[in-house]
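So that the names make sense, note that chain A is the first sequence line, chain B the second, and so on, each numbered from 1.
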Amino acid sequence: MIGGPVLAVETSCDESAAAVVQGRDVRSSVVASQADLHAPYGGVVPEVAARHHLGTINAVIDEALERAGVRADNLAAVAVTQRPGLIGALLVGVSTARAFAYARGLPMVMVDHLHGHIAAAWLNPVALDPPFVSLVASGGHTRLDLVRDLAAPQLLGETIDDAAGEALDKGARLLGLGYPGGPALERLAEGGDRAEHAFPVALGGAGVRDFSFAGVKTSLLYAVRGRDPGDAERADLAASYQEAVVRPLAERLVAAALEHGVPAVALGGGVAANGRLRTLVAERAAAAGLRVAIPDRALCTDNAAMIGAAAQFRPLTPWPEFVSFDAAPDASPAGVGA
Amino acid sequence: MTTFALDTSTPSPSLALIRGDVVVATLRLDATPRAGRRVMMGAHELFTSSGVPVTDVDRVVVGVGPGAFTGVRVGISTALGLAQALGCEVTGAVSAEAAARGIAAVAPPGAVLVPASDARRGELFAAAYRAAPGRALEELLEPCAIAPEALGARVAELCEAADAPALAAGDGAAALAPHLPGGASVAPEGSPAHLLDAVHLVACVDAGNGVPARPVYARLPDAEVNRLRALGAAT
Ligand SMILES: [Zn+2]
């Protein structure tokens with residue numbers, strides 16, 4: 001663990017974020033969301049995201065330091081998301097953080113964004129310690145990890161096509177709900193019957209624990225194509241579709257914990273805010289006698305505090321060795337802790 | 001005053017360390033792919049070789065483009081990150097104007113100066129300036145992304161209006177050459193005028209032409225172009 005406050009920076013997608021983390025304590029966490037900016041395009045536009053990060057991230061860093069009451073000379077390290085993500089967006093954060101650390105003579109920690117999502121549950125007040133099984137589901141990722149050591153989560157399964165949040169957004173669009181549509185879909189689903197439509201469940205192909213959402217999405221497309229379903233039917237479609245996306249997530253999370261004999265499960269990513277997913281996980285985990293750890297919504301969606309958390313389990317690169325560090329758009333083949 | 005200047009808008013990024021009026025050290029990164037992303041390695045080399053610690057810097061000057069979007073952003077992010085951590089001043093300089101200062105050094109007096117860099121898609125990032133003795137460069141054509149033929153036509157107009165020759169340089173100048181009017185030429189191959197020198201960024205700022213450290217893209221994101229086109233088609 002790093003013996004002092006860490007400034008963490010995250011710009012991998014459409015949130016410009018900075019935080020100050022000390023051990024398990026989040027001393028500040030600031031997120032400037034660009035969601036509204038991308039809404040007119042119906043999805044995140046990489047060039048628009050990169051342009052917005054630049055010009056925002058410095059103010060976000062200032063705000064994070066100020067709210068934490070920490071001055072730059074009291075920092076112990078600077079952490080930044082190195083991968084995976086939109087390369088233009090990542091480069092703004094990496095270039096900013098690298099220059100900041102260089103100018104202050106601070107060591108750096110390069111963090112995998114997914115490692116951050118997994119480590120978020122370790123932060124206070126949830127303060128979950130290994131071993132546990134983690135489910136990270138968002139608009140960009142869907143993965144299940146066995147965490148015996150926070151330095152080296154073991155991937156159990158991931159999506160082979162869309163991410164869960166992406167599937168929910170696409171479903172929302174098919175039902176005429178706009179972008180980003182996950183939360184709107186959830187609201188529409190509240191009044192619907194989730195057993196009305198038997199959509200295929202999102203089970204994966206090759207890997208036993210992999211997920212696939214393409215089939216569910218296609219089924220919804222066929223169900224609405226060329227028709228204009230009324231309000232009640234749309235609510236049923238939304239409820240049934242949401243169920244087909246989130247139920248396999250909850251089932252596999254709990255099944256994996258039982259299989260590996262760990263006492264707890266954790267949720268992360270923006271889809272962790274989905275009420276139906278939370279209910280299903282809570283029910284099944286309770287039946288199986290497992291602890292359920294779900295960080296606050298602000299620590300589930302993209303943020304920099306989680307990057308500061310993962311940094312505690314990564315090696316520090318001393319000044320000035322990190323000057324050669326670069327961002328990478330792809331996932332690390334060696335795993336999120338590598 | 002110790003100034004650290006950097007420009008990553010071109011394929012061969014340039015860095016300079018200036019104390020008062022004295023250029024203490026300069027460094028150019030090779031024009032290999034993603035050269036701009038190595039800017040911090042270059043900066044460290046510059047500080048180490050010159051013996052000037054980064055903490056001595058009290059002003060950062062950065063080229064704001066136009067140029068490859070990612071390169072421009074890496075340079076500005078680096079400049080802003082350094083200045084934020086050091087608590088020092090940060091100022092932008094238009095990269096095309098700095099390039100024009102390099103061209104002025106080899107151009108006949110009064111010539112129209114045309115920096116032109118490759119903007120892909122059959123276009124150049126270009127601008128035009130005129131040297132005014134003892135003053136900041138006068139901008140004749142604001143930085144833009146423009147087809148070589150169109151730029152050639154603009155240069156012809158500017159030469160006629162100024163009754164002066166023109167000199168173009170930069171990694172896009174060769175594409176412009178066939179479209180230049182009589183009296184206009186491209187700097188000879190190997191001329192230093194083809195490479196933007198970070199020292200000239202500082203000259204732009206010191207001459208009073210400093211700009212905010214924000215990118216000059218000269219081009220909308222493709223998604224925005226498409227969205228506007230769709231809106232136009234709908235009305
Ligand atoms: Zn994420």
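Residues B:Pro215 and A:Leu54 are in side-chain contact: their nearest non-hydrogen atoms beyond the backbone lie under 4.5 Å apart. Looking only at side-chain heavy atoms (C-beta outward), B:Glu224 and A:Val48 stay at 4.5 Å or farther from each other. For the pair B:Met41 and A:Phe325, the minimum side-chain heavy-atom distance is 4.5 Å or more. No side-chain heavy atom of A:Ser324 sits under 4.5 Å from any side-chain heavy atom of B:Arg38.
When the shell of 6.0 Å around CD of A:Glu66 is examined, it contains 12 or fewer heavy atoms from other residues, nucleotides or ligands. Within 6.0 Å of CZ in B:Arg120 there are 12 or fewer heavy atoms belonging to other residues, nucleotides or ligands. Within a 6.0 Å radius of CG in B:Asp21, no more than 12 heavy atoms belonging to other residues, nucleotides or ligands are found. In A:Glu63, the CD atom is crowded: over 12 heavy atoms of neighbouring residues, nucleotides or ligands sit closer than 6.0 Å.
With a 4.5 angstrom heavy-atom cutoff, A:Pro40 touches chain B via backbone and side-chain atoms both. Neither the backbone nor the side chain of A:Leu75 comes within contact range of chain B; no heavy atom of the residue lies under 4.5 Å from a heavy atom of that chain. With a threshold of 4.5 angstrom between heavy atoms, A:Asp62 approaches chain B through its backbone and through its side chain. Both the backbone and the side chain of A:Val92 come within contact range of chain B, with heavy atoms under 4.5 Å apart. Both the backbone and the side chain of A:Asn58 come within less than 4.5 Å of a heavy atom of chain B. For B:Thr55, the part lying under 4.5 angstrom from a heavy atom of chain A is the side chain only. In this structure, chain A has no heavy atom under 4.5 Å from any part of B:Arg214.
If you take OH on A:Tyr102 and OG1 on B:Thr78, they are separated by 12.0 Å, rounding to the nearest 0.5 Å. Note that the CD1 atom of A:Ile57 and the OG atom of B:Ser77 stand 9.5 Å from one another [nearest 0.5 Å].
By number of non-hydrogen pairs under 4.5 angstrom with chain B, the leading residue of A:Pro320, A:Gly105, A:Ser95 is A:Ser95. Counting heavy-atom pairs under 4.5 Å between each of B:Leu82, B:Leu220, B:Val54 and chain A puts B:Leu82 at the top. Per-residue counts of heavy-atom pairs under 4.5 Å with chain B were compared for A:Val94, A:Leu91, A:Val45; the largest is that of A:Leu91. Of the listed residues A:Ala97, A:Ala101, A:Ala50, the one with more heavy-atom pairs under 4.5 angstrom with chain B than any other is A:Ala50.
Between the A:Arg51 side chain and the B:Tyr217 main chain, no donor and acceptor come within less than 3.5 Å of each other.
Between A:Ala327 and B:Arg37, the shortest heavy-atom contact is O-NH2, 3.3 Å. Across all non-hydrogen atoms, the minimal contact from B:Met40 to A:Ala99 is SD-CA, 4.0 Å.
Salt bridge B:Arg73/A:Glu47: present, at least one basic N to carboxylate O contact under 4.0 Å.
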